[in-house]
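To keep things clear, I will list the structure first and then write my remarks on it.
Computed from a predicted model, the values in this text were never measured in an experiment.
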Amino acid sequence: MNRLGRSLACAVLLCGSVCGVQAQQLKVGYVDVQKVINDSAPGKAAQVQLQEEFSRRQKNLQDLDGSWNAATAQLEKDAPTLSELERVRRGKDVADQARALERAKREFDGDLEYRKAQEYATLKERVERAIKAVAQERKIDLIFVEHVAFAKESADLSMLVIEAVNAQR
């Protein structure tokens with residue numbers, strides 16, 4: 001009986017502590033970080049800056065692609081009338097252009113992804129600071145930023161975070 005009494009007392013104490021925790025209401029919210037980054041003023045400014053920064057290079061790539069297409073079409077058109085030596089030489093030139101174009105595309109894509117990652121990291125830091133500020137201001141206990149299967153619209157704090165990010169300097 002003594003063991004049973006102790007077990008029962010522990011169960012009652014445990015139940016009492018769980019009930020005490022349940023009496024406090026847990027305030028929970030979620031933030032769609034990608035939405036905040038895309039819709040905030042700094043996020044939009046970063047998109048515009050990247051567009052401006054890479055638009056000239058993208059135009060150059062399009063020009064190189066057009067030149068390569070024209071050279072390929074011209075070689076195909078002229079191939080029947082060209083000497084074997086001239087056909088080989090022009091074929092080599094077209095292949096060299098193709099390699100240069102592919103190299104330029106890879107460099108462009110790599111540079112663009114690198115700059116996007118830089119901007120994303122900077123913006124994510126700002127978003128995290130804004131999330132913490134909103135949580136402290138609204139006394140929210142827990143905020144989810146990823147992997148939310150379902151949440152009521154009232155738990156979505158994304159617009160508040162967008163406003164906080166826009167207010168940051």
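- Between atom CG of residue Leu75 and atom CD of residue Glu86 there is a gap of 9.5 Å, rounded to the nearest 0.5 Å.
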Practice task
Give the intermediate values and the outcome of side chain to side chain contact (heavy atoms under 4.5 Å, CB included) for residues Asp111 and Phe54.
Solution key: CA-CA 9 Å; Asp111 291 348; Phe54 285 90; 3.9 Å; yes
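- Residues Ala71 and Gln97 come closest through the heavy atom pair CB-OE1, 3.3 Å.
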Practice task
Before giving the answer on side chain to side chain contact (heavy atoms under 4.5 Å, CB included), spell out for Asn38 and Gln47 the whole-Å C-alpha distance, their side-chain angles and the decisive distance to 0.1 Å.
Solution key: CA-CA 8 Å; Asn38 290 340; Gln47 289 172 356; 3.5 Å; yes
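- For Leu26, the CG atom is densely surrounded, since the number of other residues' heavy atoms within 6.0 Å is greater than 12.
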Exercise for the section: Determine, step by step, whether Arg90 and Asp78 satisfy the side chain to side chain contact (heavy atoms under 4.5 Å, CB included) criterion, reporting the C-alpha distance in whole Å, the side-chain angles of both residues, the deciding distance to 0.1 Å, and the verdict. Expected result: CA-CA 10 Å; Arg90 285 174 69 182; Asp78 295 344; 3.0 Å; yes
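- The structure places CD1 of Ile162 at 10.5 Å from CD1 of Ile37, a figure rounded to the nearest 0.5 Å.
- The CG atom of Asp32 sits 10.0 Å away from atom CD of Glu146, with the distance rounded to the nearest 0.5 Å.
- Rounded to the nearest 0.5 Å, atoms CG (Asp156) and NZ (Lys35) are 5.5 Å apart.
- Smallest separation of non-hydrogen atoms from Ala41 and Asn166: N-OD1, 2.7 Å.
- Note on Arg99 versus Asp96: salt bridge recorded, some NZ/NE/NH1/NH2 to OD/OE distance being below 4.0 Å.
- Looking only at side-chain heavy atoms (C-beta outward), Leu157 and Ile140 come within less than 4.5 Å of each other.
- Taking OH from Tyr120 and CD from Gln34, the interatomic distance works out to 5.5 Å, rounded to the nearest 0.5 Å.
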Exercise for the section: Decide yes or no on side chain to side chain contact (heavy atoms under 4.5 Å, CB included) for Leu160 and Arg138, but give the supporting numbers first. Expected result: CA-CA 10 Å; Leu160 293 170; Arg138 297 199 159 236; 3.3 Å; yes
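- Inter-residue side-chain proximity for Asn60 and Leu64 is flagged as unmet; no heavy-atom pair is nearer than 4.5 Å.
- Of the possible polar contacts, one joining the Asp141 side chain to the Lys27 backbone as a donor-acceptor pair under 3.5 Å is found.
- Each of Val33, Val36, Val134 was scored for a side chain to side chain contact (heavy atoms under 4.5 Å, CB included) with Ser158, with one residue passing: Val36.
- Closest heavy-atom contact between Arg87 and Ala79: NE-O, 3.2 Å.
- Phe144 and Val31 fall into different hydrophobic clusters, where Ile, Leu, Val, Met, Phe, Trp and Tyr are joined by side-chain heavy atoms under 4.5 Å apart, directly or via other members.
- Taken to the nearest 0.5 Å, the CZ atom of Arg103 stands 13.5 Å off from the NZ atom of Lys105.
- Val148 and Val145 are not part of a single hydrophobic cluster, where members link through side-chain heavy atoms under 4.5 Å apart.
- Hydrophobic clustering of Ile, Leu, Val, Met, Phe, Trp and Tyr side chains at less than 4.5 Å, counting indirect connections, unites Tyr30 with Leu142.
- Remark: Gln51 CD is loosely packed, at most 12 non-hydrogen atoms of other residues, nucleotides or ligands lying under 6.0 Å away.
- A salt bridge links Lys59 to Asp63: one of the charged nitrogens lies within less than 4.0 Å of a carboxylate oxygen.
- A heavy-atom distance below 4.5 Å is found between the side chains of Leu61 and Leu101.
- The pair Lys116-Glu119 does not count as a salt bridge, with every side-chain nitrogen at least 4.0 angstrom from each carboxylate oxygen.
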